Amino acid sequence: MSHVTVGIAYTSGYGHTRELANAVAGGAAAVRDTAVEMVDVAAITDDDWHTLDRCDAIVFGSPTYMGSASGAFHAFAEATSRRWMTRAWQDKIAAGFTNSGSMSGDKLHTLQYFSMLAAQHGMHWISLGLLPGWNTTAASEHDHNRLGFYLGAGAQTWNDRGPEAVHGADLSTAHHLGRRVATHTSRFAGIPAASAPRSTVDG
């Protein structure tokens, strides 16, 4: 029986961000007694809203387009105002991830947007919790957190390649984020540490 539920509220334009969402889900599900719910916010239903309301944590995900989250995610965020008014998501755990075609692509702005949305709802933000990789001559593009983000998970995928081209290191980093969120959600809920193994970065 699951003790906590992690919701992943995401949208994906070309499939890249969906691959990251699946990696986050895999990381969360790797923590004992954790259930995962996936919600595509571009096609959100009343049942999906109720699913997110029941979740103990919500991880936001969107591609970064023109320096911010996609239009579909912005529409979802504005629609959360009903939850904001009733404080329905107060004290839930929150985190975020994003992807763009460029190494930077202004992804930090998207992660900041997610964290501000979480703050407005009174949620508790979980950072990536990894040191940056690929920042010395001895480092590798296959390092975890190869793009050097702290606020959440950032990924880079070539614009002319499909979802299968999402970088393995970025998928592992997203997996780490999901596991970290589930672990901290369990701790926040007061579940003994034995039921929530410490997060690792080995995928």
Side-chain angles (χ1 to χ4, degrees), residues 4-13 16-17 20-21 23-25 27-28 36-42 44 49 52-53 55-100 102-132 144-156 170 173-189 199 201:
V4 299
T5 302
V6 174
I8 302 174
Y10 77 98
T11 182
S12 184
H16 306 118
T17 309
L20 293 169
V24 173
V36 178
E37 296 284 354
M38 304 279 286
V39 173
D40 183 347
V41 303
I44 194 166
W49 281 112
L52 293 177
D53 291 343
C55 288
D56 303 288
I58 302 176
V59 185
F60 302 122
S62 169
T64 293
Y65 293 151
M66 304 306 292
S68 188
S70 69
F73 191 92
H74 276 269
F76 160 75
E78 291 179 14
T80 68
S81 61
R82 291 186 179 182
R83 272 71 189 167
W84 173 81
M85 287 187 290
T86 62
R87 311 315 289 161
W89 292 358
Q90 179 87 23
D91 289 331
K92 292 183 187 292
I93 300 296
F97 61 95
T98 186
N99 176 82
S100 71
S102 301
M103 292 295 178
S104 170
D106 293 323
K107 285 187 278 283
L108 177 59
H109 184 265
T110 299
L111 294 173
Q112 290 171 330
Y113 173 69
F114 292 158
S115 65
M116 183 59 69
L117 175 64
Q120 290 182 338
H121 282 282
M123 303 168 82
H124 301 280
W125 186 261
I126 299 297
S127 66
L128 183 58
L130 288 176
L131 290 172
H144 291 91
N145 195 20
R146 68 187 183 108
L147 301 181
F149 284 90
Y150 293 92
L151 196 59
Q156 177 269 334
D170 295 340
T173 301
H175 185 280
H176 163 82
L177 178 66
R179 185 162 185 158
R180 178 170 164 83
V181 167
T183 298
H184 282 275
T185 302
S186 294
R187 290 173 178 166
F188 190 78
S199 178
V201 294

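This is a predicted model, so every value here is computed, not measured.
Looking at every heavy atom in both residues, Ala42 comes nearest to Thr11 through CB-OG1, 3.6 Å. Closest approach of Arg87 to Gly122, counting heavy atoms only: NH2-N, 3.4 Å. The two residues Ser68 and His74 make their nearest non-hydrogen contact at OG-NE2, 3.0 Å. The two residues Ala95 and Val181 come nearest to each other via the heavy atoms CB-CG2, 3.5 Å.
For Phe76, the ring pair (Phe, Tyr, Trp, His ring centres under 6.0 Å) criterion is met by Trp49, Phe73, not counting sequence neighbours. Residues passing the salt bridge (charged side-chain N to carboxylate O under 4.0 Å, His left out) test with Asp53 are Arg83, sequence neighbours excluded. Under the rule for a side-chain contact (heavy atoms from CB on, under 4.5 Å), the partners of Phe188 that lie at least two apart in sequence or sit in another chain are Ile93, His124. Qualifying side-chain contact (heavy atoms from CB on, under 4.5 Å) partners for Ala189, counting only residues two or more places apart in sequence or in other chains: Val4, Ile191. Ala174 meets the side-chain contact (heavy atoms from CB on, under 4.5 Å) test with Leu20, Ala23, Val24; sequence neighbours excluded. With sequence neighbours excluded, the residues that form a side-chain contact (heavy atoms from CB on, under 4.5 Å) with Tyr65 are Tyr14, Pro63, Ser70.
The shortest distance between side-chain heavy atoms of Leu52 and Ile44 falls below 4.5 Å. The shortest distance between side-chain heavy atoms of Met116 and Gln112 does not fall below 4.5 Å. Side-chain contact between Tyr10 and Val39 is absent, with no heavy-atom pair separated by less than 4.5 Å. Counting heavy atoms from C-beta on, the side chains of Phe97 and Ile8 come closer than 4.5 Å.
The number of heavy atoms from other shown groups lying within 6.0 Å of CE (Met103) is above 12. The environment of CZ in Arg82 is sparse: at most 12 heavy-atom neighbours from other residues, nucleotides or ligands sit within 6.0 Å.
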Subject >> Derivation and outcome, side-chain hydrogen bond (donor to acceptor under 3.5 Å, both in side chains), residues Lys107 and Thr64 >> reply: CA-CA 6 Å; Lys107 285 187 278 283; Thr64 293; over 6 Å; no
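Side chain of Trp84 to backbone of Gln120: a donor-acceptor contact under 3.5 angstrom is found. For the pair Thr98 (side chain) and Ser62 (backbone), a donor-acceptor distance under 3.5 Å is present. In terms of modelled atom types and a separation under 3.5 Å, the side chain of Thr173 and the main chain of Asn145 share a donor-acceptor contact.
Once rounded to the nearest 0.5 Å, the distance linking OG1 of Thr183 with NE2 of His176 reads 9.0 Å.
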